[in-house]
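We name chains A, B, ... by the order of the sequence lines, and we start the count at 1 in each one. What you see is a predicted model, and the numbers here were worked out from it, not measured in a lab.
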Amino acid sequence: MFRARHLLGIEPLAPPEITTLLDLAETYVDLNRRTVKHSDALAGMTQINMFFENSTRTQSSFELAGKRLGADVMNISMQTSSVKKGETLIDTALTLNAMHPDLLVVRHPQSGAVDLLAQKVNCAVLNAGDGRHEHPTQALLDALTIRRAKGRLHRLTVAICGDIAHSRVARSNLILLGKMENRLRLVGPATLMPSGARDWGCEVHEDMREGLKGADVVMMLRLQKERMDGGFIPSEREYYHRWGLDAEKLALAAPDAIVMHPGPMNRGVEIDGTIADDINRSVIQDQVEMGVAVRMAAMDLLARNLRAERGARAAEMMA
Amino acid sequence: MILHFHNARLIDPEAQTVAGGTLTVRDGLIEAVGAEAPQGAELIDCGGKHLAPGLIDWGVKIGEPGERHKESFRSAGLAAAAGGVTTVIARPDTLPPIDTPEALEFATRRAADAPVNIRHMAALTRAREGREMVEMGFLQDAGAVAFTDGVRVVPDTRLLSRCMTYARGLDALIVGHPQDPGLSKGAAATSGKFASLYGLPSVSPMAEVMGLDRDLALVAMTGARYHADQITVAASLPALRRAREAGLDVTAGISIHHLTLNEYDVGGYRTFFRFTPPLRAEEDRLAMVEALAEGLIDVIASFHTPQDEESKRLPFAEAAPGAVGLQTLLPAAMRLYHQGGLSLPQLWRAMSLNPARRLGLPAGRLSAGAPADLVLFDPDAPFVLDRFTLLSKSKNTPFDGARLEGRVLGTWVAGRRVFGAQA
């Protein structure tokens, strides 16, 4: 069961759709571990990656996912393109749409920009992160990582720590883990906590020791260096002292708690290097692996819906 | 020329009554209410519908000079007439702004294109930059009814206090936009659950309270006449009440959009719902309706802000704020009549009588000697709004596709029919 036409966020997905996607992703995890990593799920289809914001990890993950499924993949870095010449987002979308892509992967610095773009094109659109709104494939890869590590994706205590206010990763994870009925905690300095966070049905902790108590999953977020000018937090070292994940704080979590990070990491700012590298606790490398599999599953499902939709339209025209 | 309206329901905002009756107009002025038809009068059968003073829409942006493709005096005037607005109080935030008597003369000349009355506000500081005060005396002589920098707050309190002191000497009205500029910088939504879930840059409602507190302290200091353009959150009301009780010469307004919509209407990043200040929580909206009924908030206006499609077809936080409203002010206000518990005389006090009083205009009344600026309308007539039927050059309304009630049947300015077929 997966009905969506686009993957714009976690919000519109129903729990069975999430489960369907994760189950399919499992099969791609297996495929990706073989020597011949190829499927024809997207054979003949065109995938365009359009990144209005710098990204190496997400873009290469999407690129690899598309290539392993047999799609023709094109990357456009919008930071050096006609946007600089004053073209509007909608014109850019219409221009690309005229090239008949089947899958459009978009990242944009403004919340809601990918929704806007999806209204103007007739292919499947995947949100690779819009402003501080959503980053659905990140939440899905986190969910798959958790499910594999903990054996389930419900009734877990998950602590999301750090810069919640500016994080689309936090939002998508909150929505997904909330839909799957987990106990959620937000941990971080009040300056980096979104207003209204307490209305989201999760606990909010400023004291990291309180927030980590008994947690099954500790999800660290990247602290954006550009925010460390004294505007949100006084300094990196004070931040590390109070909200950086070190062995002492982690000891308060459940003994088998896993540590996650969406990357790229700032070692010694939000996370201690030895914890990030601890193969018994850290699943950070698994997250990267799951990322490719989840993106393959997402594009596969959207492509199936796209084919079905086009088939139905063709049948309608014949009738 | 004599007009005699009969078979009408007359809304009298002064007496706060609605009653059946007749109204006689001679040479552009109301001559009598409830009189018999004089000899030779043109008889107008109102068919039992409501006849009221025309609306006075305070704070309308017209794109002249500078942005005539968004709105001209002509198009704004036609939209106003179709919306039952007989007097438009134009904003000075044009390109360039109305900050010199010469610019005001230009705008006044151009305004003759409009079929309704147009009065102008002038900028408070040169180029609306908050550094030097404008030639208030000259501008007042040239017809400016009030002074405002629009939504740009004058950050320099010393300059603002001098502007207020100088204005007091001229008995001029200053219109402020209560908002703390630091807190509200870059904000596109009101902070809270909605803005956080949608990932929109947001501002606390307290930014309005801080701006209002600051302005009211300066009013207490200088004794100026002051009008807060938009009070939109419940937390601002105690300060406003205290200022009134202390006898300060302070009034306040609100936009029809903040009275009829809330933050959740933004839905899937719909940029036609982006306003300055942003839409508020439902509790705030309800508190504002109550404050209006009580008379603590004096004025309802549309804050008509035409934007072309290109300014709105953008990601939410990049889209230009504001909506057109001249033609939807009356039907949107009918939502408050049908569902909000406000009476028609209460609404007309806020949309016609109070702005007239505050700006020293003779309109807004149904009494002998007042100008015959009138609107005939049916508060119950339902329709679904199609934005492309609006007469404004710009079609950016949040009510596109909305079910509204309240149709304007005829509009008269100084006894001259400017909208509606002859009955």
**Request:** Output the option from Gly192(B), Pro201(B), Ala317(B), Ser204(B) having the highest count of non-hydrogen pairs under 4.5 Å with chain A.
**Result:** Gly192(B)
**Item:** Side chain, backbone, both or neither of Asp199(A) within contact of chain B (heavy atoms, under 4.5 Å)
**Value:** both
**Request:** Taking all heavy atoms of Trp200(A) and all of Ser196(B), pick out the closest pair and write down the distance.
**Result:** CZ2-CB, 3.1 Å
**Request:** Answer yes or no: does atom CD of Gln119(A) have more than 12 heavy-atom neighbours from other residues, nucleotides or ligands under 6.0 Å?
**Result:** yes
**Asked** Taking the inter-plane angle between the rings of His133(A) and Tyr198(B) on a 0 to 90° scale, is it parallel (under 30°), tilted (30 to 60°) or perpendicular (over 60°)?
**Response** parallel
**Request:** First locate atom NE2 of His108(A), then atom CD of Glu318(B), and finally report the distance between them rounded to the nearest 0.5 Å.
**Result:** 5.5 Å
**Prompt:** Between atom CG of Asp91(A) and atom CD of Glu310(B), what is the distance when rounded to the nearest 0.5 Å?
**Reply:** 7.0 Å
**Nearest heavy atoms of Pro315(B) and Gln110(A), plus distance in Å** = CB-CB, 3.5 Å
**Prompt:** For Leu116(A) and Leu314(B), which heavy atoms make the closest approach, and how far apart are they?
**Reply:** CD2-C, 3.5 Å
**Heavy atoms of other groups near Glu53(A) CD, more than 12 under 6.0 Å** = yes
